[in-house]
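Report on the structure given below.
Ligands are counted one by one from 1 in listed order, and the atoms in each one are counted from 1 as well. Just so you know, residue 1 is the first one in the sequence shown, and it goes up from there. From a predicted model like this one, the values you see are computed outputs, not experimental measurements.
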Amino acid sequence: MSRATATMTPLLGLDAPALERWFAELGEKPFRARQVSRWLHQRFVDDPVHMTDLARSARERLAAAATIAAPAVIRDTTAADGTRKWLFDVGAGNAVESVYIPEDDRGTLCISSQAGCALDCAFCSTGRQGFNRNLTTAEIVGQLWHANRALLADGIRAPWVEQGRAPITNVVLMGMGEPLANYDNVVPALRLFLDDNAYGLSRRRVTLSTSGLVPAIDRLREACPVALAISLHAGNDPLRDRLVPINRKYPLAQLLAACLRYLDRAPRDFVTFEYVMLDGVNDTTDHAHELAALVRDIPCKFNLIPWNPFPGAAFRTSPRARILAFQKVLMDRGFVTTVRKTRGDDIDAACGQLAGRVQDRTKRHIRMRVAAAATTAH
Ligand code: SAH
Ligand code: SF4
């Protein structure tokens with residue numbers, strides 16, 4: 001990175017107050033920030049030269065002081081079912097992914113918040129890879145910016161796009177990493193997702209998934225209460241301690257109490273409990289009864305996730321019949337319970353697959369690029 005680039009501000013990472021402050025320091029009027037925000041996040045321009053309602057001098061100052069870019073795309077793959085996955089280079093041999101899931105009435109983007117993850121859940125390939133680093137706000141927002149831009153450039157057809165809205169209507173923080181372990185960079189990104197001068201999504205259309213960092217759930221409730229999904233995966237502490245080790249620090253009673261507090265401010269009147277179905281581990285009807293009893297006082301919905309395998313993992317996916325029996329117990333006890341469709345299977349874009357094999361390929365890819373660069377340098 002050149003010295004000039006190192007001191008340039010990545011503009012996609014500034015939420016409204018930060019962009020106003022930055023403009024003030026540049027000697028510009030604060031309302032310019034709102035104008036620029038719309039160019040960046042609604043028209044997806046990557047060069048101030050296109051910001052035609054700014055004075056030429058302002059455009060030049062912007063160009064000299066700021067960068068507008070998503071992380072570089074290493075790979076862009078589309079699955080047979082239309083699911084599309086971008087692999088982004090975030091430096092030092094690390095890569096993160098975003099997955100676009102098209103549906104008739106919405107376009108959802110699943111984004112990453114960290115390169116790797118420190119929380120080490122037993123069944124998760126991101127956890128297996130360990131923690132590399134937090135993504136910056138610009139890298140988090142850049143995923144959404146890039147996806148919208150790429151889909152528009154490809155001429156995506158959807159009724160809401162024809163009405164002038166962006167292709168991505170829903171964002172879920174369910175990619176790589178634990179978003180609440182990167183709170184300081186994630187919250188400004190959430191604010192941009194909601195900001196009417198940026199992406200303008202409603203709080204109900206932005207979902208943060210967490211393995212249960214209780215103090216951060218409380219902070220999020222005050223700062224930016226978007227829809228909340230909790231990775232529960234077990235109905236008792238000993239089992240959850242094993243599957244989701246952060247449970248040893250914030251056990252179920254504390255986590256569920258935090259869910260109830262969150263519901264006071266949440267945009268939806270329920271939390272979503274995600275529950276990964278692991279053959280012979282947490283998937284019997286007894287487990288389902290235990291789970292139903294545990295959450296009986298919490299307005300919630302369940303999303304059962306068939307476990308997605310990755311090489312070297314010591315789990316198996318529950319058989320379909322067992323998943324349906326589990327679902328039936330929860331439904332009979334009055335809980336809305338869906339079974340997640342696995343999308344993008346043929347490109348390893350399913351939940352929890354966003355590292356493992358990909359990371360290996362990434363490393364290989366980057367090694368190859370480094371080798372190629374070394375060869376051409378001679
Ligand atoms: N760190 C956050 C968000 C990212 S993981 C969290 O844990 O909630 C998003 C979801 O995918 C979580 O519910 C997680 O438990 C689940 N998941 C992880 N690995 C998986 C796998 N191999 N198969 C299916 N779901 C998985
Ligand atoms: Fe981290 Fe979530 Fe994977 Fe657990 S499931 S290791 S919290 S990304």
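- Within 6.0 Å of atom CZ in Arg316, 12 or fewer heavy atoms from other residues, nucleotides or ligands are found, so the atom counts as exposed in its surroundings.
- The ligand atoms of ligand 2 that sit less than 4.0 angstrom from a heavy atom of Gly127 are 6 (S).
- Summarising the contacts of atom 15 (O) of ligand 1 with Arg128, His233, Gln114, Glu274, the nearest heavy atom is found in His233.
- Side-chain atoms of Glu290 and Asn236 form a donor-acceptor pair, as typed in the model, at a separation below 3.5 Å.
- Judged by the 6.0 Å distance and 45° axis criteria, Arg128 is not positioned over the aromatic ring of Phe310.
- Against a heavy-atom cut-off of under 4.0 Å, Asn308 is close to the following atoms of ligand 1: 21 (C), 22 (N), 23 (N), 24 (C).
- Given atom 3 (Fe) of ligand 2, the protein heavy atom at minimum distance is Cys124 SG, 2.3 Å.
- Heavy-atom contacts of Thr210 reach the following atoms of ligand 1: 6 (C), 8 (O) (cutoff under 4.0 Å).
- Closest protein heavy atom to atom 2 (Fe) of ligand 2: Gly177 O, 4.5 Å.
- Taken from CG in Leu109 to CZ in Phe193, the straight-line distance is 8.5 Å, to the nearest 0.5 Å.
- Here the CG atom belonging to Leu294 is positioned 6.5 Å from the CG atom belonging to Leu232, to the nearest 0.5 angstrom.
- Distances between N or O atoms of Ser125 and those of ligand 1 include no value under 3.5 Å.
- You'll find the ring centres of Phe123 and His233 inside the 6.0 Å limit.
- The distance from atom 1 (Fe) of ligand 2 to the nearest N/O/S atom of Cys117 is under 2.8 Å.
- Of the heavy atoms in Asp120, only backbone atoms (N, CA, C, O) come closer than 4.0 Å to ligand 2.
- In this structure, the ring of His50 has its center no less than 6.0 angstrom from the ring center of Trp39.
- The option from Gly177, Cys117, Ser209 that lies nearest to atom 1 (N) of ligand 1, judged by heavy atoms, is Gly177.
- Close approach to Val276 involves these atoms of ligand 1, each under 4.0 Å from a residue heavy atom: 24 (C), 25 (N).
- Closest to atom 4 (Fe) of ligand 2 among all protein heavy atoms lies Cys121 SG, 2.3 Å.
- The residue from Val96, Val99, Val90 that alone fulfils the side chain to side chain contact (heavy atoms under 4.5 Å, CB included) condition with Ser112 is Val96.
- For the residues Gly175, Ser231, Cys124, the heavy atom positioned nearest atom 5 (S) of ligand 1 is part of Gly175.
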Glu20 vs Arg32, salt bridge (charged side-chain N to carboxylate O under 4.0 Å, His left out): CA-CA, chis, key distance, verdict: CA-CA 8 Å; Glu20 284 196 10; Arg32 294 280 176 218; over 6 Å; no
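- The contact set between ligand 2 and Ser211, taken as ligand atoms under 4.0 Å from a residue heavy atom, comprises 7 (S).
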